[in-house]
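Both counts, for ligands and for their atoms, begin at 1 and track the order of listing. The figures here come from the full heavy-atom set of this structure, side chains too, leaving out hydrogens, waters and symmetry mates.
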Amino acid sequence: MMPIYLDHASTTPVHPEVATAMQEAMLNFTANPSSTHSFGRAAKQKLESVRRACAASIGANHKQIVFTSGGTEADNLAIFGAAAAQEKKGRHLITTAIEHHAVLRSFAALEAEGWEVTYIRPDSNGFVSAHQVLAAVRPDTVLVSMMLANNETGMMQPIPDIAQGLLNHEALLHTDAVQAYTLLPIDVEALGVDLMSVSAHKINGPGGVGFLYVKEPMNIQPRMFGGYQERKHRAGTENMPGLCGLQKAVELATKEDKLSKLAVLKEGFLEALKAEGIHFEINGDLANSLPSISNLYFPGVRSDQLLMNLDLEGVAASSGSACTAGTFEPSHVLMAMYPENPERASQSIRFSFGHMMMQEEIQRAAQITARIIRTRF
Ligand SMILES: Cc1ncc(COP(=O)(O)O)c(C=O)c1O
């Protein structure tokens, strides 16, 4: 039996056309794009076409795209870069308790440097309201960072409402769109953000590549120093194969209706589990979550044991929590959603789907999950 991969929120498989584009880039663009000779100019031209494609995919200008080594670096550049540039205006920052660690640990590092950070808690659906965020804004707030959709529950967050509420305030708005990019239609102007992070490996592109949308270049300071690449915002020779892979991934992802394909897969999975008579609850609100992610609570079923059993049967899923040095850390997102029921975080599993999957795989994965729960717990 072919193994079934239900961990697309962690990373997606590289699309074969992306792999081809990367191989061609390695063979064809052999020079440094900063070199002034003809080889360098050819690489530079290609680099700028990648930049235009990324910009077009979010309704931005190509000058507003800063290439990075992925979502983590884009988040770090947004947060540390904005904090450094805005420092004279105030030292208060706002984020939420359900952010990815790339965001949370950046804020923790700033806290250690003396910045004041307000962490907004979600409701039991994993939703953070615009009202809660805006109520925390103070005259000395310089940055609000909130994800567009959560990577553990898929819950979409009200970024346009927050942008609206910040119209008469100088605070910058950053959103981590790593999970939402190419699933939700994104127009940065309509969204109203100043900074937005994207990563290639969540859209069938390569790992280690991404970009940060920067509305006003003056609003951030660089965190990497060296050459003058990326209009002085991010030093370092560009990753040409990775960026060519990103361009192909963007092209493929934006021409497909991934959303409806994923919605059918997610619904099929939940229906199949119900048909098997398995008791579960959804962590989050089905109507307001990405169709790529289904985070489920199986009362009385330890997620580490279920994951191990699933893996033995060829089904790859995740608990959405970090496994560091052999210790099992319950998800900070679920802990924030259910503070009165900490058990729930260690009895929940994240299944995440890819638009290239077949319904048959989804059905089989649900049956295997149900059989394991029935017979081993
Ligand atoms: C919401 C979110 N932000 C940031 C990241 C980090 O992106 P990258 O793996 O490209 O560094 C991830 C990856 O899991 C993510 O899901």
Side-chain angles (χ1 to χ4, degrees), residues 5-14 18 54 58 65-81 95-109 122 126-128 145-157 159 174-184 186 191 193 195-213 223-224 234 236 239 241-243 245-246 249-250 253 262 283-284 289-295 316-324 329 331-334 336-337 350-354:
Y5 183 76
L6 290 180
D7 200 15
H8 290 79
S10 290
T11 196
T12 53
V14 169
V18 169
C54 292
I58 56 168
I65 303 296
V66 177
F67 292 131
T68 66
S69 64
T72 300
E73 190 192 325
D75 285 340
N76 274 255
L77 177 58
I79 296 163
F80 289 102
T95 191
T96 82
I98 57 166
E99 298 300 310
H100 189 271
H101 281 130
V103 167
L104 282 179
R105 291 188 179 140
S106 297
F107 279 108
F127 182 75
V128 178
S145 176
M146 175 154 142
M147 62 203 332
L148 196 49
N150 184 265
N151 52 302
E152 295 194 26
T153 60
M155 283 297 289
M156 300 182 281
Q157 307 298 331
I159 299 299
H174 165 244
T175 194
D176 175 334
V178 166
Q179 293 289 337
Y181 177 62
T182 73
L183 279 184
L184 301 180
I186 296 179
L191 210 51
V193 292
L195 300 154
M196 187 176 83
S197 309
V198 165
S199 175
H201 73 104
K202 310 289 180 177
I203 61 159
N204 306 101
V209 196
F211 66 83
L212 179 69
Y213 158 75
R223 306 314 294 159
M224 299 237 285
R234 198 270 188 185
N239 171 1
L243 288 166
L246 167 64
V250 171
L262 286 164
N283 293 322
S289 62
L290 292 179
S292 49
I293 297 177
S294 205
N295 198 314
S318 132
S319 61
S321 61
C323 250
T324 322
E329 249 182 65
S331 146
H332 67 280
V333 175
L334 298 184
M337 286 163 66
R350 178 186 69 182
F351 299 94
S352 48
F353 316 107

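The protein non-hydrogen atom at the shortest distance from atom 4 (C) of ligand 1 is D176 OD2, 3.4 Å. Closest to atom 10 (O) of ligand 1, if we only count protein heavy atoms, is S199 OG, 2.6 Å. The protein atom (non-hydrogen) at minimum distance from atom 15 (C) of ligand 1 is H100 CD2, 3.3 Å. In terms of protein heavy-atom proximity, atom 16 (O) of ligand 1 is closest to Q179 NE2, 2.8 Å.
Every side-chain contact (heavy atoms from CB on, under 4.5 Å) that A316 has, sequence neighbours left out, goes to Y5. Taking A9 as the reference, Q179, I293, R350, S352 meet the side-chain contact (heavy atoms from CB on, under 4.5 Å) condition, with sequence neighbours excluded.
Which parts of ligand 1 touch G70 is read off a 4.0 Å heavy-atom cut-off, strictly below it: atoms 10 (O). Per-residue contacts place T72 under 4.0 angstrom from the following atoms of ligand 1 (heavy atoms of the residue considered): 6 (C), 7 (O), 8 (P), 11 (O). Of all atoms in ligand 1, listed by their number and element, those nearer than 4.0 Å to a heavy atom of M147 are 1 (C).
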Test log, rule salt bridge (charged side-chain N to carboxylate O under 4.0 Å, His left out), inputs R234 and E73: CA-CA 10 Å; R234 198 270 188 185; E73 190 192 325; 2.7 Å; yes
Run the numbers on S197 and D75 for side-chain hydrogen bond (donor to acceptor under 3.5 Å, both in side chains), then give the verdict. CA-CA 6 Å; S197 309; D75 285 340; 2.6 Å; yes
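Between S10 and ligand 1, no pair of N/O atoms sits closer than 3.5 Å. Residue-to-ligand polar distances keep V178 apart from ligand 1: every N/O pair is separated by 3.5 Å or more.
The closest approach between K202 and ligand 1 falls below 4.0 Å for a heavy atom of the residue.
No hydrogens or angles considered: nothing links the side chains of T12 and H201 as a donor-acceptor pair under 3.5 Å.
Formation of a donor-acceptor pair under 3.5 Å by the T175 side chain with backbone atoms of A177 is not found in this model. Proximity of a side-chain donor or acceptor of N204 to a complementary backbone N or O of V14 within less than 3.5 Å is not detected.
The proximity of H201 to ligand 1, defined as any non-hydrogen pair under 4.0 Å, is limited to the side chain. Contacts between D75 and ligand 1 below 4.0 angstrom, taking non-hydrogen atoms only, involve the side chain exclusively.
The aromatic rings of Y181 and F211 sit perpendicular, their planes meeting at an angle over 60°, well past the 30° parallel limit.
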